[in-house]
Amino acid sequence: MSSLRAHDVSIAFGGIKALDGVGFDVMPGEVLAIIGPNGAGKTTLFNVVSGLYRPTGGHIELDGRGIEGLPPHRLAGMGLSRTFQNLQVFTEMTLIDNVLVGRHLRERHSFLGDLFRLPSVARENDTSRKRAGELIRRVGLEGRESAIAGTMPYGALRRLEIARALATEPQVLMLDEPAAGCNPFETRELAALIRSIADDGRAVVLVEHDMRLVMSISDRIVVLDRGRVIARGAPADIRSNATVVEAYLGRLGAEEAARA
Amino acid sequence: MPHRLSDRHLSVLALAGVVIALGWILPNAYFLRIATLVWIFALATLGLTVLIGQAGQVSLGQAGFLGVGAYAAAILPTRYGLPPLATPFVGAFVSGALAFLVGRPILRLKGHYLAIATLGLGFLISLVLTNEVGWTGGPDGMQVPRPVVFGVSLSQPSTWYWISAASLLIGAWLVLNLDGTTTGRAFRALRDSEVGASVMGIDVSRMKLRAFVLAAVYASVAGSLLGLSNGFVTPDQSSFLQSVELVTMSVLGGAHSVVGAILGSAMLVLLPQVLTVMQDYETLVLGAIVVVVMIFLPSGLVPALVDLTKRLTR
Ligand SMILES: Nc1ncnc2c1ncn2[C@@H]1O[C@H](COP(=O)(O)OP(=O)(O)OP(=O)(O)O)[C@@H](O)[C@H]1O
Ligand SMILES: [Mg+2]
């Protein structure tokens, strides 16, 4: 059974079709990459699936339940989380607090209970802090727990968003350009991290321009161009697919892909 | 974290120390009255510390809830025979319910639009209080019956000093409690990024509504205390100017900070008293002071002082 399935999804902005009948599915334990040139509609697809935009057509299922039109916080409760290409970090909070926010739905709490600071608050905090600390270590940010997020470099914040998303304990994790702004060393570590997340039994949807990263960790690839799927298949197939090479990679990209 | 716990409790204890010391030191009824006003406005401002400082939502209609609380203290005992000391609670319930009903639609708005909508709400409440003469006594306001406890009428300035100080301490304790809880983090998260917060599973509109209701309840209790301690209420307490003053108190002291709320209120209550010697220029000078503080210390007085001490002790 597939974790996340999108079928024939369309959305238009002022007459321009940003997505036109796009479909994909991803299983637990799998990394599905969605690639395509700038403006292809990758982020828009993420926004539709994660409930920020309502599709004008199509069907999206999470574990067999239709989810189109549900707000993001409901989807989070159903096991879907994501990161953002244009970071949505809580900039005035510490790194550990950013990750703790991801534990929102995992913490038993009530407004009045928090206001009167019932003993349960401290208990929940202890559990959450332990979990959040583990996640911070897992993405390689240990030692910076109490740094204010807004003062950290770009690459660190991308990893912080991954830790924060993992804190929600998602079944499906969607990553929008996690390697942007990372140096080659960081990118290699990121590849291992993403692969290990999938190996934990989560479904990972990865949008990324770094072809070396995509080719090395993806099980399958979907190629978008101008809102349409122009190819899909295993990394080896995509690398040698003439349409993709022409429409997306171009000459320079083709060389890069060949080296990867 | 035991370290964090003691931080919270230390703040409340320090505040209690200041309040008790002032209660002893202040020489006469006039000073006690002024200090009472500071505590009462600080209580109203603390609601804004949560709404503006933590949750990042603006309200320019907060005096509307102050008015509801004040008139609850006036109307409920005279017309319905309620004991005066019960009125802050009933008023808080009414204000909270009103905030809940009105907050749902208007909290969808952002930034300037939310500011205008809350301004409109405050204006409407003020209009009702001014024009429903049969109920509220109209523009002249109305008397507030004094509570009688064990045959003693509570009208001494010192009595109201201690009642308002205790209310402020409880209010501050609750706001400080929120820091480092699921709710407190959710408030700050939605201030920094609503989209980020919602993807983390936070029901953004519900959280905003909670902050809005809390702020309304704080303003309302402050309004009731104002009415009870003054012995009368007027529609001025619900005016737009009063709303602006509350926001100024919050932002001047430092919108995130509990101490800032108290300091901001103290400045806006005390400065006009000091500046009366300037007569016609009073408002002008007060305005200038506020503008200068905001230009040079945009995050407010208390955060600036904290920064300074950090730099000096390093
Ligand atoms: N909210 C919006 N309003 C109007 N147009 C939009 C909106 N969001 C996306 N678009 C348009 O949809 C198209 C797809 O954009 P999208 O951001 O999804 O591309 P992308 O594949 O993520 O590109 P990149 O690789 O540069 O991130 C673009 O033409 C963009 O201008
Ligand atoms: Mg994009």
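Bear in mind the structure is a predicted one, so any value in this text is a computation, not a measurement. So you know, we letter chains A, B, ... as the sequences are listed, proteins then strands, and number each from 1.
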Are any non-hydrogen side-chain atoms of Val58(B) and Thr118(B) less than 4.5 angstrom apart? no
I'd like to know whether Val207(A) forms a side-chain contact (heavy atoms from CB on, under 4.5 Å) with Ile34(A), so could you lay out the CA-CA distance, the side-chain angles of the two residues, the decisive distance to 0.1 Å, and finally the verdict. CA-CA 5 Å; Val207(A) 163; Ile34(A) 297 179; 4.0 Å; yes
Under 4.5 Å, heavy atom to heavy atom, which residues of residues 190-211 of chain B contact chain A? Arg191(B), Asp192(B), Ser193(B), Val195(B), Gly196(B), Ala197(B), Ser198(B), Val199(B), Met200(B), Gly201(B), Ile202(B), Asp203(B), Met207(B), Arg210(B)
When you compare the side chain of Val213(B) with that of Phe65(B), does any pair of heavy atoms fall below 4.5 Å? no
Check whether any side-chain heavy atom of Val9(A) sits under 4.5 Å from a side-chain heavy atom of Phe24(A), and report yes or no. no
Apply the test side-chain contact (heavy atoms from CB on, under 4.5 Å) to residues Leu66(B) and Phe41(B): give CA-CA distance (whole Å), side-chain angles for both, the deciding distance (0.1 Å), then the verdict. CA-CA 10 Å; Leu66(B) 199 79; Phe41(B) 281 110; 4.2 Å; yes
From the list Arg74(A), His73(A), Arg164(A), Glu92(A), the residue making the most non-hydrogen contacts under 4.5 Å with chain B is His73(A)
Can you tell whether the side chains of Arg137(A) and Glu134(A) come within less than 4.0 Å, N to carboxylate O? no
Within a strict 4.5 Å, meaning less than it, do heavy atoms of the Glu186(A) and Arg159(A) side chains meet? yes
Is there side-chain contact between Ile162(A) and Pro178(A), with at least one heavy-atom pair below 4.5 Å? yes
Carefully, step by step, assess Leu48(B) and Val247(B) under the rule side-chain contact (heavy atoms from CB on, under 4.5 Å). CA-CA 7 Å; Leu48(B) 291 180; Val247(B) 174; 4.2 Å; yes
Determine yes or no for a side-chain-to-main-chain donor-acceptor pair under 3.5 angstrom, with Arg117(A) supplying the side chain and Ala122(A) the backbone. no
Under 3.5 Å, side chain of His7(A) to main-chain N/O of Gly23(A), donor-acceptor pair present? no
Within residues 100-108 of chain A, which positions have a heavy-atom distance to chain B below 4.5 Å? Leu100(A), Val101(A), Gly102(A), His104(A), Leu105(A), Glu107(A)
Strictly distance-based, threshold 3.5 Å: is any side-chain N or O of Tyr53(A) a donor or acceptor partner for the main-chain N or O of Thr44(A)? no
By number, which residues in residues 75-91 of chain A have some heavy atom less than 4.5 Å away from chain B? Ala76(A), Ser81(A), Arg82(A), Phe84(A), Gln88(A), Val89(A), Phe90(A), Thr91(A)
Side-chain contact test, heavy atoms from C-beta onward, threshold under 4.5 Å: evaluate it for Ser167(B) versus Trp39(B) and give yes or no. no
Quick one: do Ile217(A) and Leu213(A) satisfy side-chain contact (heavy atoms from CB on, under 4.5 Å)? Show the steps, please. CA-CA 6 Å; Ile217(A) 60 169; Leu213(A) 174 64; 4.0 Å; yes
Quick one: what part of Asp114(A) sits under 4.5 Å from any heavy atom of chain B, side chain, backbone, both or neither? both
Note, Arg188(B) side chain near Asp179(B) side chain (heavy atom, < 4.5 Å): yes
Per-residue contacts, residues 89-106 of chain B versus chain A, heavy atoms under 4.5 Å: none
Residue among Thr181(B), Thr182(B), Val175(B) satisfying side chain to side chain contact (heavy atoms under 4.5 Å, CB included) with Leu178(B): Thr181(B)
Using a 4.5 Å cut-off on heavy atoms from C-beta on, say whether the side chain of Glu124(A) contacts that of Leu118(A). no
